[in-house]
Structure formats: C-alpha cells, structure tokens
Amino acid sequence: MEHYNMNLTVKVWRQKNSSDKGKFESYPVKNISSEMSFLEMIDVLNEQLIVEGKEPIAFDHDCREGICGMCSMYINGKPHGPWAANTTCQLHMRAFKDGDTVVVEPWRASAFPVVKDLMVDRSAFDRIIQAGGYISVNTGNAVDGNSLPINKDHADSAFAAAMCIGCGACVAACKNSSAMLFLSAKVSHLALLPQGDPERKSRVLNMVAQMDKEGFGACTNTGACEATCPKEISISNIARLNQEYLRASLTAEK
Amino acid sequence: MTWKQVFTSSVGKKLTMGLTGIFLILFLVVHAGLNACIWANDHGIMFNKGAHFMGANVIPRILEIGLFAGLLLHIIQGLMLELSNRSKRKVGYAVSYGNEGSKWYSRSMGILGTLILLFLVLHLSDFWYPNRSHQNFVLGEEIDLYEKMKTTFTELWVVIVYVLGCLSLGYHLAHGFQSAFKTLGINNRRYHIMLTSLGYGFSIIITLAFALMPISFYLGWVN
C-alpha cells in the first residue's frame, strides 16, 4: 500500500482524576504518516501538547506489539479501533484518511473506573484471577511433555482460550459491561486441561462470585465481545462457563 | 454454595431466564397449535373443542398456574436484570458500537419484552379475563371464544396492535431461543448451526402463525 501523510482532528476524553467529571477536547494533528501506529500518533500529539505547555494525554501501553493487553482505547465506537482482531498499538494510521476526525474514549464500565484521561483501573480482572484462575501445585522441575496425555482437541481449545490477554475490550464492547468472555476464557483454559481438573468446581464458583462482586453486568449473549476481541476468543467459551457453573453448583457438597 | 447463592449470581439469574424462556417457548407451541384450529373453517367447532379442553379440564388449569408463575418469573427477573445491567455503565460512549458487533434485537431484549408485556395486558383482557371471569375463575361454563375472536378482530387498530405484538415476540424469540440454549451451556460447534437455524425458523413460524390469526378474521379468510 502506498505511503501517505494525513492531517487529523483527534477528539479525546480528558479527565484529571477519578473524581473529575471529564470532557472531550479536540486537537489538530498534522503530517501523520500512514505507517505509524495509533499510539505513535498519540505520542506525536503528546509532544505537541508538551511544547504548547499543556498536560499530555495519559494512556496505558506497554509492549506495543499486540501481546500484553495494556492498550485500551475506544476508537470511533469500537474497542481497539476499526480493524478486526487487533489491539490499539497494532492499529496503523492507514486505517484513517486525511481530514478524518477520530474520537478516542476510555473503556466505559463502572468496574473499570477512569484513573486519568484514557487510563482505566483494570485491577478487577486481577482479583478475578486471584479468586481461582490458577492451579495449586508445586511446579518443581519441568516435567516430560508427554507424561500427561491430553486430547489434541482439548489442548487446542485450551490454547485458544489462553490467548486472552485480559485487555478488557469485551467489557468495553458489551452493553451490560459484562466480563463473561474474559472469565470464560480463563475458566475454559484450565477446565479443558488435566492440570486444572482438581480445582475445577471451586474455581468457576469463586471466579463468578468475584466477577459479580466487582460490579460487572450479566451476559446476554449479544456477541459484541467476540466481535471486538483482539485475540478472537470464541463466545462458545461462555456456554462452556455456564456448563461448568451449572455442573459445579448442582454437584456442590453443601 | 447455597441455592440462594447460585440463583442470585449473574450466571444463575441467566439460568432462570433461560429455563423459563424455554418453558414459555413450549407454551407458544401449544398455543399456536391450538389456535391454528380456526383454519379448519368449520365455524370454530374444532377450535372451541380445543379451547374447552384447555379451559374446563383440571389438568390444563393446574398447568396454567405454572404458566403464570413461569411468566411472572421471566418478566420480573428480566426487568431486574435489564435495570441492573444498565447500571453497570454510569457514563456512556459518545460513539456507540451499534450493529457492527451485535444484532439490534439481541441488545433490545428488555424493550422487546416490555412491548410483549404491554401486548399481553391487552391480549389477556380481550380473551383470557372475560372467559375466566365468566367461569367465576373455576371450571364453570365458558364463553364462545371463536365468536369472541371474530368480533374482536373486526377493528383494524386491534389487528394492527396484534400484528405488532407478534413482531415483537418474533424478534424477542430470534435472540431468545438460541440464547437460552447457550445459557444452559449448549453451544458446541455441532449444535451451534442447528440451534441458530432452529431458533430463526421457530421465530418466523410462530410470528407468521400468530399474526395471520387476526388478519384471517379481519379479511374474512375463516368462517
């Protein structure tokens, strides 16, 4: 694709802190290369703001190669912007045309309060993982890869679920701010493997309880989460989560 | 893990919605099947026989109590879930994700359900209430429901409201049917296409069957 430069208007959500009301500010940015990543465009805008003596825009980012799950912008009405199966850092400016206005908002969910500008507090996800997203074993030395036979289909599905990077785009896209796609990926990943089996029941019950405590909504199977997920986590994981929850609650000891 | 904890969790509440939803889907099959007897074109003899069985026999009348219980549970739980889910995002987006990520009717189950509820108030006051009050709410003598349908559907506005009610039901089912099975944990690849097509097929057939009843009377297709 041919390289081109563009001038844009970036309309960004500015909010000083979690108690501030916040509002949109529009900034013109000039000479943006079509080969830049979206975050690099924000870097250019921030340098411009610093030179003008203004506060730069706060935003989350880390690896900038699409694997860490830190970037979290809601761009033109879609988490991580217009491209499918993509993170904000891997969104390139060729997705936009000269003269476009780009609207950038933070994830919106009560369970993800805005810390500043485009940064939200996603520690609710950490607490859900702490409630059961692990296996309790002393790992010791690495065991022989073939010592535990695992069905190939299960291994593949578990790996596909383990692709979740916990970015929270599913919550941002869901009309109910539900964390079910995230939770179901974590539950599926371990439920499908023999290592996850001993804590299978307590895991799903505790993780769902923690998700509810954090203030996420309930799932209504609209599919918006799957459509926006940068790692293409399948919504069939949610059905598996429901299955796991039903089985665990029906067969609970007390 | 108490039962209370199970059914007050977000997954448990959805289970209630799914189970009552499937129960109501089964009711729709019975209701549509019985009402289809109007097309026997025998001046309502077959239809009234069926209606009489449902109204004067003790077993369907006991099941009717279960139907109302299931319906109420579905309505109350549904409205509470809708309100609770809406409260989870205090500040909305300036640009919405819209139809790009999901179907409009899958996001509008609360509104569609409320429209169906409003329609049900009219529908029950048209047929169920006059008939049951005539029976003194026990197993007494019923009114001629075929005649009642005939007179009710002479008014154009009533026919239009009924058709709109059926459309709301159709879209509610288009999402609800498949969603109920997903909530019960069934969404393996081998069932996904089957349940989705079955859901759309069921929604279209039910909507057409019910909507054609008032239309048939209004246009004089049955006698």
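Here is how names work: the chains are called A, B, and so on, in the same order as the sequence lines, proteins then strands, and each is numbered from 1. Side-chain atoms are counted along with the backbone in the values below, which use heavy atoms only and exclude waters and symmetry mates.
- Of all non-hydrogen atoms in A/Y74 and B/Y97, the two that sit nearest each other are OH-N, 3.3 Å.
- Residues of residues 152-173 of chain A that come closer than 4.5 Å to chain B, counting heavy atoms only, are A/V171, A/A172, A/A173, ordered by residue number.
- Residues of residues 201-214 of chain A that come within less than 4.5 angstrom of chain B, heavy atom to heavy atom, are A/L205, A/V208, A/M211, A/D212 in numerical order.
- Interface residue A/C174: only backbone heavy atoms are found under 4.5 Å from chain B.
- Residue B/Q178 does not touch chain A at all, counting heavy-atom pairs closer than 4.5 Å.
- Without hydrogens or angle criteria, A/R108 side chain to B/Y93 main chain gives no donor-acceptor distance under 3.5 Å.
- At a 4.5 Å heavy-atom cutoff, the contact between A/F24 and chain B is made by side-chain atoms alone.
- Heavy atoms of B/R86 lying under 4.5 Å from chain A are absent altogether.
- Using a 4.5 Å cut-off between heavy atoms, B/K13 does not touch chain A at all.
- Take A/E105 and apply the salt bridge (Lys or Arg N to Asp or Glu O under 4.0 Å) test, not counting sequence neighbours, and it matches no residue.
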Requested in this report: Please assess A/N221 against B/H175 for the test side-chain contact (heavy atoms from CB on, under 4.5 Å), listing each intermediate value before the final yes or no.
Outcome: CA-CA 9 Å; A/N221 297 320; B/H175 178 68; 4.1 Å; yes
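- Residue with the most contacts toward chain B among A/I238, A/L241, A/T220, A/L250: A/T220 (heavy-atom pairs, distance under 4.5 Å).
- For residues 57-77 of chain B, heavy-atom neighbours of chain A at less than 4.5 Å comprise no residues at all.
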